[in-house]
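A short worksheet on the structure shown next.
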Amino acid sequence: MVWTGTWVSDRLGIELAGDDELRGLLGLALRRNPKRAHLLVSGVLGKHVPQLPSVVHGHGVTLGRRVRALLGPEEAARAVVLGYAETATALGHAVADGLETAPYLHSTRRPVASVPSAGGFEESHSHATSHLLLPEDPAFFDRGGEADRGPLVLVDDEFSTGNTVLNTLRDLHARHPRDHYVIVALVDMRAPGDAGRLAAFAEETSARVDVVAHARGTVRLPEDVLARGLRLVEEQDGGTADPLVPCAPAVAPVRLELGWPAGLPDGGRHGFTPDHRARLREALPAMAARIVDGLGGPEQTGRVLVLGFEELMYAPLVLARALEEAGLDVRFSTTTRSPVLAVDDPGYAIRTRLAFPAHDDPADGPGERYAYNVAGGGFDTVLAVVDSAADTPALHAPGGLLAQLATAAPRVALAVVPAHTPVPRTPDRQEPPVLPAPLRGPDFSSYEPDDVGWLLQDLSAVRLEAPVEEREEAVQRGGAHYAESLPVEYQPTEEYQELYRDALAGSAARIARAVGTVTELVLAERSPRPVLVSLARAGTPVGVLMRRWARHRHGTELPHYAVSIVRGRGIDANALRWLAAHHDPADVVFVDGWTGKGAITRELADALAGFPGFDPEIAVLADPGSCVRTYGTREDFLIPSACLNSTVSGLISRTVLRDDLVGPYDYHGAKFYRELSGSDVSRDFVAAVEDRFDEVADAVDQQVKEAASADRAPTWEGWAAVERISEEQGIHDVNLVKPGVGETTRVLLRRVPWKILARRGAGADLAHIRLLAEQRGVPVEERDDLPYTCVGLIHPRYTRGATGADGKAVGSA
C-alpha cells in the first residue's frame with residue numbers, strides 16, 4: 001500500500017526517520033496554519049482518519065498498561081492522568097483505562113464560570129492555543145495528599161518539540177509539585193535538542209521524568225518548509241477554506257435515545273473517576289442495544305461511522321467499541337477545529353473534508369469546523385455523537401454538520417450525551433450531597449402531583465413576611481435584597497375577586513390560544529420531548545397549562561418542574577444540577593408568564609453561561625416587551641393568574657434566597673400557604689383555560705403556521721421604552737419601572753407604588769389595576785404614547801415619612 005505521507009514528502013521534502021512502525025502509525029498532510037506547515041496524521045488516534053474502535057482504544061490501553069508496569073502497582077494506584085484537548089482526550093481516557101485505578105482529567109477550551117481554573121497553558125503551534133484545567137474536585141492534582149502526591153501521567157497524541165508538555169509541567173509543578181512525571185504519546189518525534197530540554201526540567205526540579213511511546217523518530221524538515229507549504233496550499237485551493245454551502249438533508253436525521261446514566265459525566269473535562277468508568281462500562285451494552293434498535297436492527301445499519309465531536313471523543317469511542325463488540329462493521333473518528341488541506345490522493349492522509357459552522361457557541365467565537373475522510377468513506381450510516389451543549393439550532397441548520405453529513409452517507413443519526421454540569425466541592429473537599437427529589441402536591445402546593453415538581457425547599461415553618469413598607473425601605477436603601485423576605489400576602493376583597501372571575505371568564509379563550517401556540521412552537525422548534533422548567537412562580541401556572549395542552553392535543557406527558565431565579569443573584573444552581581442529572585439539558589425549556597422589560601430574560605442568559613447545554617431562551621405566554629422569540633402572543637393583555645398571588649399559583653409563595661436559610665447545596669426556598677386553601681383558585685384557573693382547548697385548536701394551528709414564517713426576532717422595544725420612561729419621570733432606575741399588566745399588578749400587590757401610567761382607552765384589562773390603585777391611593781395617569789397597556793412605577797425615593805404610615809403615596813418625594 002502507498003504510504004499516506006508520500007504526496008507531502010515528494011513535494012516538500014519532509015521525511016520521517018526512526019522506528020519501522022512509524023509509517024504504519026503516521027501519514028502527512030498540510031495545515032492551513034502559519035505556525036507549522038505539516039500535520040502528522042495518526043491512523044490510530046480516531047481524529048482525522050476513521051479507524052476500528054478496538055484499534056483506537058487498544059493503543060491507549062496498551063500505553064496505560066506499560067505505564068502501570070513502569071510505576072508498579074502501588075505507585076499506579078496513586079497516579080492521576082491528564083490528557084490534552086482536543087486530539088488526545090480519548091487517548092488519555094484509554095491510558096487511564098489501562099492504568100485501571102487512576103482518575104482522569106483532560107484540558108479544555110470550554111470555560112465554565114462555576115469552576116475555578118486549576119491551571120492553564122499554551123499550545124503554541126495549535127490552531128486554538130489556550131488550554132484550561134477545570135477539575136470539579138479541587139483536590140484532583142493532590143491525590144495522596146499535598147505532602148505525598150502520586151505520579152502525574154501526561155498524555156498527548158504526539159511528542160514533537162515538547163513545548164506543550166514543558167508548559168504544562170512548569171505550570172503544574174509550581175502549583176502541585178511532585179517527584180515523578182510520566183509523558184505518554186503514540187509517537188515520540190523529538191529532535192535531540194528537544195529531549196535535552198525535558199532533561200533540564202528534571203534536573204532543575206529534582207523530579208523524575210519518564211517517556212512512554214509506541215514508536216520513536218524525528219521529522220526532517222527543509223529550512224524553507226513553512227513558506228513552501230503555504231505556497232503549496234494556495235496552489236491547491238487558493239489558500240482558503242471550503243465555502244459553507246447551505247444544504248438541507250433530504251431525510252431528517254434519526255435521533256437516538258442513549259439512556260445515558262443519570263449524573264454520569266460525559267468525559268474527563270471536569271474529571272472522570274474509576275467509579276465513573278465502572279458505571280459507564282456497565283451501561284454500555286444497553287446503550288449499544290438502543291442504538292442498534294434505533295437504526296432498525298443489525299441488518300439495516302450497514303457500514304457505520306460513529307463521529308464524535310471535538311473534545312468529546314471518549315464517550316463516542318466506547319459507544320463505537322460496544323457496537324463493534326455487538327458485531328457491527330464500525331469505524332470511529334471525530335470532528336475537529338484544525339483546518340487542513342484535503343487532497344484526494346492515496347498518498348495523502350486527508351482525502352476529503354466536510355466544513356460546517358461551529359455549533360456549541362465556543363468561547364473564542366464562531367468559526368469553521370471540519371470532518372475529514374468521512375465523504376467517500378463508503379459509510380451507509382453516520383452516527384454523530386455530541387454533548388447537549390452542542391445540540392443547538394446551528395447543528396441542525398442547512399449547512400450545519402448534520403446537513404453536511406447527509407451529503408456523505410445515505411443515513412445520518414444523532415445521539416446526544418448530557419453535558420456534565422460541574423458543582424464546586426465543599427471547603428473540606430467532600431462530595432456534594434445528593435439533592436432531594438422535587439416537592440409535589442398535596443404535601444407542597446395544591447396542584448396535582450404530576451402537574452409540577454418544585455425544585456425548592458419548604459420554608460413554611462419560617463416567618464419570612466414583612467410589611468410592604470419595611471421591605472421597600474430596606475431594599476431601596478441597600479440594606480436588603482427583595483428575595484430575603486416575603487410581602488404579606490394580599491387578601492382580595494369580594495369586589496376584587498369578582499373582577500378576577502370576570503377577567504377569567506372573558507379571557508380564558510385568549511389564554512388557551514396563547515398556551516396552545518407557545519406549546520406547539522416549543523414542540524416544533526425547541527424539542528419534540530421538552531422538559532418544561534417554569535420560573536417560579538409566575539411561570540408555573542403557564543407550565544402547568546402547557547403540559548395540559550401537550551397531553552390534550554398530542555397525548556404526550558411532558559415533565560414539568562419549577563425553579564427559582566432571583567434578579568441580581570441568578571438561577572438556582574442546585575436545581576440545574578438536579579435537572580442535568582435526570583434529563584438532557586438540551587431538552588429543558590424555561591417557561592415564564594410574560595415579559596416586561598426583559599430583565600429576567602437577561603438574568604437567565606447570564607446565569608446559564610456557566611452551565612453548558614441549557615438553552616437560555618425563555619418561552620412565555622405573552623411577550624409585550626419583544627424580548628423572546630418563543631411566545632403565545634405579543635399582546636399586553638390581562639392574564640388572570642397575574643391578578644392574584646399564591647392563591648392562583650398552587651398556594652406557593654414567591655421564592656426566597658437568604659444565606660442563613662439556603663446553604664451551598666440547598667435549593668432556594670418558598671412557603672406553602674396551606675392556611676389559604678379556602679381562597680385557592682389554582683386548579684379552577686387551570687380547568688377554566690383547559691376547557692377552551694378544543695374551541696381554539698383551529699386558531700392555534702393558524703397562528704403557529706403564521707409564526708413559522710414570521711420574523712420573531714426580539715427587538716427589545718420594551719427595554720427601550722422603560723429607559724425612556726425612567727428618564728422622563730426622573731426615576732433614573734429601570735428596576736423601579738415595571739411595564740405591562742402583569743408587572744403593574746405586582747407593583748400594586750407587593751411594592752410601594754408611586755403612580756400608574758395607563759394607555760388611554762384601555763378597558764377591561766385594567767379594571768383590576770384601577771381598583772387596586774384606588775384601594776392604595778395611587779394616581780393613574782392616562783397616556784397616549786405607551787407601548788404597553790400600562791406601566792407601574794415604584795416609588796423612587798421611598799421612606800415611610802414620604803408616603804405615610806399606611807404606605808399610601810401622597811405625591812412625589
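What you see below is based on every heavy atom in this structure, not just the backbone, and it leaves out hydrogens, waters and symmetry mates.
- A donor-acceptor pair under 3.5 Å is formed between the side chain of W260 and the backbone N or O of L264.
- In this structure, S646 contributes its side chain and I652 its backbone to no donor-acceptor pair below 3.5 Å.
- Side-chain contact between M546 and S534 is absent, with no heavy-atom pair separated by less than 4.5 Å.
- A perpendicular orientation is assigned to the rings of F693 and H552, their planes being inclined by more than 60° (bins at 30° and 60°).
- Taking CG of L748 as the start and CG of L772 as the end, the distance is 5.5 Å to the nearest 0.5 Å.
- Using a 4.5 Å heavy-atom cutoff, the side chains of V518 and V620 are not in contact.
- Of the listed residues (D293, I291, V416, V385), just one forms a side-chain contact (heavy atoms from CB on, under 4.5 Å) with L256, and that residue is I291.
- D584 and R255 are not joined by a salt bridge, as no carboxylate oxygen comes within less than 4.0 angstrom of a charged side-chain nitrogen.
- At a threshold of 4.0 Å, the pair R110-E311 does not count as salt-bridged, since none of the basic side-chain nitrogens sits closer than that to a carboxylate oxygen.
- Summarising the geometry of W549 relative to A512, their closest heavy-atom pair is CZ3-O, 4.2 Å, with the distance given to 0.1 Å.
- Note on R553 versus D694: no salt bridge recorded, every NZ/NE/NH1/NH2 to OD/OE distance being 4.0 Å or above.
- For the pair R712 and E706, the salt-bridge criterion is not met [side-chain N within less than 4.0 Å of a carboxylate O].
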- Message: Please determine whether side-chain contact (heavy atoms from CB on, under 4.5 Å) holds for the pair R577 and Y665, giving the CA-CA distance in whole Å, both sets of side-chain angles, and the decisive distance to 0.1 Å.
- Response: CA-CA 10 Å; R577 181 160 71 90; Y665 297 113; 4.0 Å; yes

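- Looking at D391, its side chain never comes within 3.5 Å of a backbone N or O of S388 through a donor-acceptor pair.
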- Check the pair E448 / R440 against salt bridge (charged side-chain N to carboxylate O under 4.0 Å, His left out), numbers first and verdict last. CA-CA 8 Å; E448 294 181 7; R440 296 184 181 274; over 6 Å; no

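- Side-chain atoms of R526 come within 3.5 Å of backbone atoms of E617 as a donor-acceptor pair (strictly under, hydrogens ignored).
- Side-chain atoms of L604 and I618, non-hydrogen and from C-beta on, do get closer than 4.5 Å to each other.
- Counting heavy atoms from C-beta outward, D451 and R548 have side chains that approach closer than 4.5 Å.
- Inter-residue side-chain proximity for V544 and V542 is flagged as unmet; no heavy-atom pair is nearer than 4.5 Å.
- Around CG of D361, the count of heavy atoms belonging to other residues, nucleotides or ligands within 6.0 Å does not exceed 12.
- Side-chain contact between L414 and H396 is present, with heavy atoms from C-beta onward closer than 4.5 Å.
- Across all their heavy atoms, A358 and A394 have their closest contact at O-CB, 4.1 Å.
- Summarising the geometry of H420 relative to D266, their closest heavy-atom pair is N-OD1, 2.8 Å, with the distance given to 0.1 Å.
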- Message: Apply side-chain contact (heavy atoms from CB on, under 4.5 Å) to residues L521 and L523 and explain how you reach the verdict.
- Response: CA-CA 5 Å; L521 288 174; L523 291 170; over 6 Å; no

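- Residue S564 comes nearest to L456 through the heavy atom pair CB-CD2, 3.9 Å, listed as atom of the first residue, atom of the second, then distance.
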- Check the pair V589, V533 against side-chain contact (heavy atoms from CB on, under 4.5 Å), reporting the backbone distance first and the verdict last. CA-CA 6 Å; V589 177; V533 178; over 6 Å; no

- Starting from the C-alpha separation in whole Å, work towards a yes-or-no answer on salt bridge (charged side-chain N to carboxylate O under 4.0 Å, His left out) for R513 and E695. CA-CA 9 Å; R513 188 165 62 249; E695 173 188 332; over 6 Å; no

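- To the nearest 0.5 Å, atoms CG (D615) and CG (L608) are separated by 8.5 Å.
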- Should T789 and I769 be marked as a side-chain contact (heavy atoms from CB on, under 4.5 Å) after you check the CA-CA gap, both sets of side-chain angles, and the distance that decides it? CA-CA 11 Å; T789 302; I769 295 287; over 6 Å; no

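- Atom-to-atom distance recorded for R674:CZ and L676:CG is 11.5 Å, nearest 0.5 angstrom.
- Side chain of H560 to main chain of L532: no donor-acceptor pair is present (N/O by atom type, distance under 3.5 Å, no hydrogens or angles).
- The backbone N or O of A390 sits less than 3.5 Å from a side-chain atom of H359, completing a donor-acceptor pair.
- Expressed to the nearest 0.5 Å, how far CG of L258 lies from CG of L319 amounts to 6.0 Å.
- Atoms CZ and CG, on R634 and D623 in that order, are 4.5 Å from each other to the nearest 0.5 Å.
- There is a side-chain donor-acceptor pair under 3.5 Å between D680 and S446.
- The backbone N or O of P714 sits nowhere less than 3.5 Å from a side-chain atom of R629 that would complete a donor-acceptor pair.
- Closest of all the heavy-atom pairs between A397 and A403 is O-CB, 3.9 Å.
- Side-chain contact between F614 and F590 is present, with heavy atoms from C-beta onward closer than 4.5 Å.
- Results of the ring pair (Phe, Tyr, Trp, His ring centres under 6.0 Å) test with W578 over Y561, Y667, W454 single out Y561 as the only residue that passes.
- Looking at T633, its side chain does come within 3.5 Å of a backbone N or O of E635 through a donor-acceptor pair.
- At least one donor-acceptor pair under 3.5 Å links the side chain of S653 to the backbone N or O of K671.
- Checked by atom type, the side-chain pair R537/N645 shows a donor-acceptor distance below 3.5 Å.
- To the nearest 0.5 Å, atom CD of residue E525 and atom CD of residue E520 are 11.0 Å apart.
- Under the 3.5 Å distance criterion, with hydrogens and angles disregarded, a donor-acceptor pair is assigned to the side chains of S527 and D587.
- The closest donor-acceptor contact from the side chain of S460 to the backbone of F672 lies under 3.5 Å.
- Taking 4.0 Å as the cut-off between side-chain N and carboxylate O, D450 and R551 do not count as a salt-bridged pair.
- Counting all heavy atoms, side chain and backbone alike, P541 lies closest to F685 at CB-CE2, 4.0 Å.
- Side-chain contact check for L766 versus T744: every heavy-atom pair is 4.5 Å or farther apart.
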